[in-house]
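Worksheet: one structure, shown below.
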Amino acid sequence: MSIPWLTVLQSVPWSDVISNAPKVADGAKKLWNTIGRKSSAQDIETSPGNPGHSPETQTLASLHAQIGAIEAAMADLHNQLLASSELIKALAEQNALLIAQAEAMRVRLRWMLAAMVAIGIATAYGLVRTFLN
């Protein structure tokens, strides 16, 4: 037995969905902004170094700069992970709410079907009894 789409759409708590929509949109914007930024690998700059320093000192300075860039990239990835997990959590909460409403609608539909069958049986019984008397 299929549930008519109009009935399902009417049973959705649209006020809750609409009130949570800005949170989901903000989470999506934050996620897009953090992911959409240029990769930090492009931001790594290699300094030409001072000609007065030895090659070992220049290599160490370069390695320290690369480590700093990697740490910044790791922090950026961590922030992206947090933003995406917040968005997924909000979407999961809305999904759970919609599923609960669909389940409640299914239960109501079964009760209404049982009531309609009982009314139909009572009507048929009444009609048979009326015509036989």
Side-chain angles (χ1 to χ4, degrees):
M1 175 183 338
S2 67
I3 300 174
W5 283 105
L6 182 60
T7 307
V8 172
L9 290 175
Q10 288 174 346
S11 69
V12 172
W14 290 109
S15 60
D16 293 339
V17 172
I18 290 171
S19 67
N20 287 329
K23 295 177 194 173
V24 173
D26 289 341
K29 285 179 186 176
K30 288 178 186 176
L31 180 62
W32 178 254
N33 287 336
T34 56
I35 291 175
R37 284 188 278 186
K38 294 181 181 177
S39 68
S40 59
Q42 295 174 350
D43 295 338
I44 298 174
E45 296 178 11
T46 57
S47 60
N50 293 336
H53 290 105
S54 67
E56 293 84 16
T57 306
Q58 291 177 0
T59 303
L60 284 174
S62 173
L63 288 175
H64 284 295
Q66 288 177 352
I67 289 173
I70 290 171
E71 287 174 347
M74 189 174 71
D76 188 42
L77 287 174
H78 180 70
N79 291 336
Q80 289 177 15
L81 177 67
L82 290 177
S84 63
S85 65
E86 287 175 14
L87 178 63
I88 289 170
K89 179 183 174 189
L91 290 173
E93 288 172 355
Q94 283 189 358
N95 191 28
L97 184 64
L98 289 173
I99 289 171
Q101 289 295 320
E103 179 63 22
M105 193 63 183
R106 186 188 65 80
V107 169
R108 277 190 227 142
L109 186 63
R110 293 228 173 173
W111 277 107
M112 287 175 32
L113 179 63
M116 285 176 51
V117 167
I119 290 171
I121 290 172
T123 303
Y125 175 75
L127 286 173
V128 167
R129 193 168 169 190
T130 301
F131 288 124
L132 290 179
N133 286 335

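Along the sequence shown, the residues carry numbers beginning at 1. A quick note: this is a predicted structure, and the numbers were derived from the prediction, not measured.
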Inset, instruction - With sequence neighbours left out, write down each residue that passes side chain to side chain donor-acceptor pair (under 3.5 Å) with Thr57, or none if nothing qualifies. - result: Ser54
Inset, instruction - Give me the other members of the hydrophobic cluster that Val128 sits in, counting Ile, Leu, Val, Met, Phe, Trp and Tyr linked by side-chain heavy atoms under 4.5 Å, directly or via other members. - result: Leu132
Legend entry - Heavy-atom side-chain proximity of Leu97 to Gln94 below 4.5 angstrom: no
Legend entry - Residues forming a side chain to side chain contact (heavy atoms under 4.5 Å, CB included) with Leu98, sequence neighbours excluded: Val12, Val17
Legend entry - Non-neighbouring partners of Glu86 that pass side chain to side chain contact (heavy atoms under 4.5 Å, CB included), sequence neighbours left out: none
Show me the side-chain donor-acceptor pairs of residues 111-126 shorter than 3.5 Å, one per line, residues at least two apart or across chains.
| from | atom 1 | to | atom 2 | distance (Å) |
| --- | --- | --- | --- | --- |
| Thr123 | OG1 | Ile119 | O | 2.7 |

Legend entry - For Leu77, all residues meeting side chain to side chain contact (heavy atoms under 4.5 Å, CB included), sequence neighbours excluded: Gln80
Inset, instruction - Could you check if a side-chain atom of Gln101 sits within less than 4.5 angstrom of a side-chain atom of Met105, using non-hydrogen atoms only? - result: no
Legend entry - Ile67: side chain to side chain contact (heavy atoms under 4.5 Å, CB included) partners, not counting sequence neighbours: Glu71
Inset, instruction - With sequence neighbours left out, write down each residue that passes salt bridge (charged side-chain N to carboxylate O under 4.0 Å, His left out) with Glu56, or none if nothing qualifies. - result: none
Legend entry - Euclidean distance, Leu60 CG relative to Ser62 OG, rounded to 0.5 Å: 9.5 Å
